[in-house]
Structures are given as C-alpha cells and as structure tokens.
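Heavy-atom basis, side chains included; hydrogens, waters and symmetry copies ignored.
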Amino acid sequence: MTTRTLPKTGKRQTLKLKYLTITGLMAAMITIMTAYICHIPTGINGGYIHFGDSLIYLAAAILPTPYALAAAAVGGGIADLLTSPMWVPATVVIKIAIALPFTSRHAKIVTPHNVAASVIACLISGFGYFLAEYLLFGTMPALIASLSGSLIQSGGSAAFFVVFGLALDRTHAKSRLLSAV
C-alpha cells in the first residue's frame, strides 16, 4: 500500500486553491467593510449603513455559488460577532440568502441578471432583518425601523456594486483573477 505524501496538482486543484484564497479575501473585506469602514449608525433599531453587502454581491458575481455563500456567511457573521453578536445567526442566514440570486457564469461582473439580483437581494435583506427583529423584539414597529434602514443600506450597496463592478469589468479583472496558472 502506497501513501500519497504530495498533494494533487493540476489546473483543477489550482483553480480550487484560487477560489479558496479569493473566498478568504472576500470574507475579510466583507467583515472590514461591514464592521468598520463606512459604518454609519442609523435609526432607533441599532442598525447601520455599510457597504459590506456590495462586496457580497461582488463575491457572488465572481466566485462559484458555494464559495460565494461561504464568503458572505463568514464575512457577515464575523462582522456581527465584532459589533453586535446577537445578530450573528440571523445575519449568517440572510447573507447567504442575498448571495443566492447572483450568477458568476458570465465573463462580466455587472450583467442584467446581476443588476436584477441586487434588487432581489435588497428585498431579501429588508424582509430578513424585519423577520429577525420581529422574532427578537416581537413588535410590529420593527417593520418600519427595519425596512427603512435595510432598504437604504441595501440600495446603497447595490449602487456601489454596480459602479465598482463596472470599473472592474473595464479592466477585465474577473477573467484575469480566475485565469488558470
């Protein structure tokens, strides 16, 4: 019996390693953008505006779905763990859900599908956080506080995603990032 001591090599393994590396980097950037950079407190519900969701959208437009979901869940979860731990379970589920509508199957980041997905993600986020607030606090006024804050935050993230994605598309960043070694 022979034991393999060296890892498998080849284009497929190299691509998986690239995906894992990009996933880790995206999770870290999502965490930083959500928790600290452009972190603007809003409303009475303790929510805040951030652009971490725009990086979730970028991850979902660049990476295959399982990797994008991991980046979204880890990045959003760690950000909440650092700033408001009671939201971690809801955030992990919601961030996974907002990454689902996107596709990475195109050569470009900003496609009509992904622009529509950012609108769908905005609605998922608004409804998801309303539901979480309702479950946590049990009051209907959570609807107004949650939806208004979530829609402003998600709308800003969608706009930032489109602007940043178009800039990345002009430089062909996605194809250069994912090209096999």
Side-chain angles (χ1 to χ4, degrees), residues 23 26-27 29-80 83-84 86-106 108-137 139-169 174:
T23 300
M26 291 302 293
M29 290 188 298
I30 291 164
T31 298
I32 298 301
M33 286 295 286
T34 301
Y36 301 115
I37 298 176
C38 295
H39 183 253
I40 305 163
T42 61
I44 58 172
N45 64 345
Y48 52 90
I49 296 172
H50 62 82
F51 293 110
D53 285 359
S54 59
L55 292 174
I56 291 173
Y57 305 163
L58 280 172
I62 293 171
L63 294 166
T65 302
Y67 297 94
L69 299 180
V74 170
I78 291 173
D80 273 0
T83 59
S84 50
M86 70 184 243
W87 291 103
V88 172
T91 291
V92 168
V93 171
I94 293 166
K95 299 309 179 189
I96 287 172
I98 67 171
L100 284 173
F102 290 85
T103 183
S104 63
R105 298 186 194 277
H106 300 286
K108 294 190 172 209
I109 294 168
V110 179
T111 63
H113 178 98
N114 286 340
V115 171
S118 67
V119 173
I120 293 168
C122 180
L123 297 173
I124 291 170
S125 181
F127 178 74
Y129 279 108
F130 159 69
L131 186 60
E133 283 193 30
Y134 184 75
L135 291 173
L136 286 170
F137 305 119
T139 61
M140 196 49 101
L143 174 66
I144 296 167
S146 177
L147 284 180
S148 63
S150 290
L151 293 177
I152 291 169
Q153 188 271 309
S154 296
S157 287
F160 188 74
F161 161 73
V162 171
V163 170
F164 195 56
L166 287 172
L168 290 173
D169 282 343
K174 182 176 177 180

Report the C-alpha distance between Asp53 and Lys95 in whole Å, list the side-chain angles of each, state the deciding distance to 0.1 Å, and finish with yes or no for side-chain contact (heavy atoms from CB on, under 4.5 Å). CA-CA 8 Å; Asp53 285 359; Lys95 299 309 179 189; 2.6 Å; yes
Checking the side chain of [X] only, and the main-chain atoms of [Y] only, is there a donor and an acceptor separated by less than 3.5 Å?
X      : Y      : value
Thr31  : Gly75  : yes
Asn114 : Ile109 : yes
Ser118 : Val115 : yes

Just how far is it from atom [atom1] of [X] to atom [atom2] of [Y], taken to the nearest 0.5 Å?
X      : Y     : atom1 : atom2 : result
Leu123 : Ile98 : CG    : CD1   : 11.5 Å
Leu58  : Met29 : CG    : CE    : 8.0 Å
Ile56  : Thr34 : CD1   : OG1   : 6.0 Å

Between Phe160 and Phe164, what is the ring plane arrangement, given parallel below 30°, perpendicular above 60°, and tilted in between? parallel
Does the plane of the ring in Tyr57 sit parallel, tilted or perpendicular to the ring in Phe161? Use 30° and 60° as the thresholds. perpendicular
Looking at every heavy atom in both [X] and [Y], which two are closest together, and how far apart are they?
X      : Y      : result
Lys108 : Lys174 : O-NZ, 4.0 Å
Ala61  : Phe102 : N-CB, 4.5 Å
Ala35  : Thr83  : CB-CG2, 3.7 Å

If the condition is side-chain hydrogen bond (donor to acceptor under 3.5 Å, both in side chains), which residues does Ser54 pass it with, not counting sequence neighbours? none
Could you tell me if Thr91 and Tyr129 have a donor-acceptor pair between their side chains, going purely by distance under 3.5 Å? yes
Going by heavy atoms in the side chains, are Gln153 and His50 under 4.5 Å from each other? yes
State, with a plain yes or no, whether a side-chain heavy atom of Pro101 is found less than 4.5 Å away from one of Ile124. yes
Side-chain donor/acceptor pairs under 3.5 Å, residues 63-70, sequence neighbours excluded:
none

